[in-house]
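A short worksheet on the structure shown next.
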There are 2 protein chains.
Amino acid sequence: MTQAQPVPEPSLHHPNEPDTERLEAATSTFRMLADPTRLHILWLLSQEPADVSQLVARTGASRTSVSQHLAKLRFSALVSTRKEHRHVIYSISDGHLGRLVQEGLNHADHRVSGEPTHE
Amino acid sequence: MTQAQPVPEPSLHHPNEPDTERLEAATSTFRMLADPTRLHILWLLSQEPADVSQLVARTGASRTSVSQHLAKLRFSALVSTRKEHRHVIYSISDGHLGRLVQEGLNHADHRVSGEPTHE
DNA sequence: CGTTAAAGTGCACAGGTACGCACTCATGCA
DNA sequence: TGCATGAGTGCGTACCTGTGCACTTTAACG
């Protein structure tokens with residue numbers, strides 16, 4: 001168990017240098033957010049749980065596509081499932097993720113709205 | 001110009017459905033964050049501006065790789081440059097981006113630390 | 001039972017991307 | 001004017017990923 005102790009290093013103004021493991025973990029999450037269909041799915045799930053058919057209808061993507069994206073998200077443990085009768089209900093497993101999705105969309109909004117950089 | 005007024009819509013618990021344009025803008029940003037080297041570069045730049053050689057040294061990547069990643073970031077307008085003598089100094093152009101990077105790393109941290117989902 | 005709907009999967013193909021190699025461009029300095 | 005150094009680029013390659021088609025699996029309902 002690695003202690004949560006701050007860095008023993010003297011170098012400062014570096015909160016804590018992200019090591020390879022952290023970087024890859026973060027990029028693997030970002031990679032999941034880097035597809036329009038998947039991002040749309042995650043946004044929908046961040047609003048409320050839904051089954052596959054609803055996601056298909058709301059995203060406008062094909063069943064195959066949605067299914068495969070959901071498989072990836074499940075495999076990455078970003079979503080969780082529960083079964084209800086004939087339907088498989090998906091939900092976001094981590095509240096943080098929803099915030100990340102929203103922030104990404106906000107950031108995009110600012111860039112689309114024309115604002116050069118803002119702050 | 002679009003008013004900052006809240007949604008005039010009756011539909012609720014949907015802050016505002018992201019359209020294709022927004023989704024693609026957001027994913028294009030996320031795609032930039034979806035590479036370890038690039039994420040490392042952006043994290044370094046979120047701490048302080050740096051020139052290419054410093055970034056090469058700190059990331060451990062090849063000059064070619066760093067140069068090409070910087071080209072993409074420049075093209076995506078996520079970083080800006082200024083020249084100083086022989087050196088090209090890169091900096092993050094948007095403060096929001098730094099936050100996004102940091103949140104991604106935090107999220108990754110939680111998943112690496114073993115915490116199942118947290119919250 | 002058989003039927004139908006919901007969801008998931010294997011396969012093949014197209015498109016994108018990260019990287020290294022070799023090269024060029026630009027600039028400060030002796 | 002050379003020359004060394006910092007930075008950027010074209011190209012080829014290996015790899016990864018998103019998608020559609022066809023098929024299978026599972027389970028409710030008559």
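The sequence lines fix the lettering, A, B, ..., with proteins before strands; numbering per chain opens at 1. Small disclaimer: the values here were computed from a predicted structure and weren't measured.
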task: May I have the distance from A:Phe75 (atom CZ) to D:dT17 (atom P), rounded to whole angstrom?
output: 12 Å
- prompt: At what distance, to the nearest 0.5 angstrom, does OG1 of A:Thr81 lie from CG of A:Leu70?
  reply: 9.5 Å
- request: Can you tell me the distance, in whole Å, between the CG atom of A:Leu73 and the C1' atom of D:dT17?
  value: 14 Å
task: May I have the step-by-step check of side-chain contact (heavy atoms from CB on, under 4.5 Å) for A:Leu42 and A:Leu100, ending in yes or no?
output: CA-CA 10 Å; A:Leu42 285 174; A:Leu100 214 52; over 6 Å; no
message: Taking only side-chain N and O atoms of B:Lys83, does any of them lie within less than 4.0 angstrom of OP1 or OP2 on C:dT27?
response: yes
- request: Could you tell me whether a side-chain N or O of B:Thr59 sits under 3.5 Å from a main-chain N or O of B:Ala61, the two making a donor and an acceptor?
  value: yes
query: When the distance from NE2 of A:His40 to P of D:dT19 is rounded to whole Å, what number comes out?
result: 14 Å
- prompt: Under 4.5 Å between any side-chain heavy atoms of A:Gln68 and A:Thr64, yes or no?
  reply: yes
message: Which is more 5' along DNA chain D, the nucleotide nearest A:His85 or the one nearest A:Ala61? Just name the residue.
response: A:Ala61
query: Counting only side-chain N and O atoms of A:Ser62, is one of them less than 4.0 Å from OP1 or OP2 of D:dG20?
result: yes
field: A:Phe30 side chain near B:Met32 side chain, heavy-atom distance below 4.5 Å
entry: no
Would you list the protein and nucleotides 15-18 of chain C atom pairs, both N or O, that sit under 3.5 Å from each other?
unit_1	atom_1	unit_2	atom_2	d
C:dA18	OP1	B:Arg38	NH1	3.2
C:dA18	OP1	B:Arg38	NH2	3.0
C:dA18	OP2	B:Arg38	NH1	3.1
C:dA18	OP2	B:Lys72	NZ	2.7

- prompt: B:Gln47 versus B:Leu44: any side-chain heavy-atom pair under 4.5 Å?
  reply: no
- line: Bend of the helix from C:dC1-D:dG30 to C:dA30-D:dT1 from end-axis comparison, five pairs per end, nearest 10°, comes to 10°
field: Spacing of B:Ser53 atom OG and B:Arg63 atom CZ [to the nearest 0.5 Å]
entry: 6.0 Å
Atom pairs, N/O to N/O, protein against nucleotides 6-12 of chain D, distance under 3.5 Å?
unit_1	atom_1	unit_2	atom_2	d
D:dA7	OP1	B:Val52	N	3.4
D:dA7	OP1	B:Val88	N	3.4
D:dA7	OP2	B:Ser53	N	3.0
D:dA7	OP2	B:Ser53	OG	2.5
D:dG8	OP1	B:Tyr90	OH	2.8
D:dG8	OP2	B:Ser67	OG	3.4

- prompt: Are the side chains of B:Leu23 and A:Thr37 in touch, meaning some heavy atoms are under 4.5 Å apart?
  reply: no
- prompt: Are any of the side-chain heavy atoms of B:Asp51 and B:Val88 separated by less than 4.5 Å?
  reply: no
message: Less than 4.5 Å apart, side chain to side chain, heavy atoms only: is that true for A:Arg22 and B:His40?
response: no
- request: To the nearest Å, give me how far apart CG (A:Leu55) and C1' (C:dA6) are.
  value: 13 Å
Euclidean distance, A:Arg31 CZ relative to A:Lys72 NZ, rounded to 0.5 Å: 9.5 Å
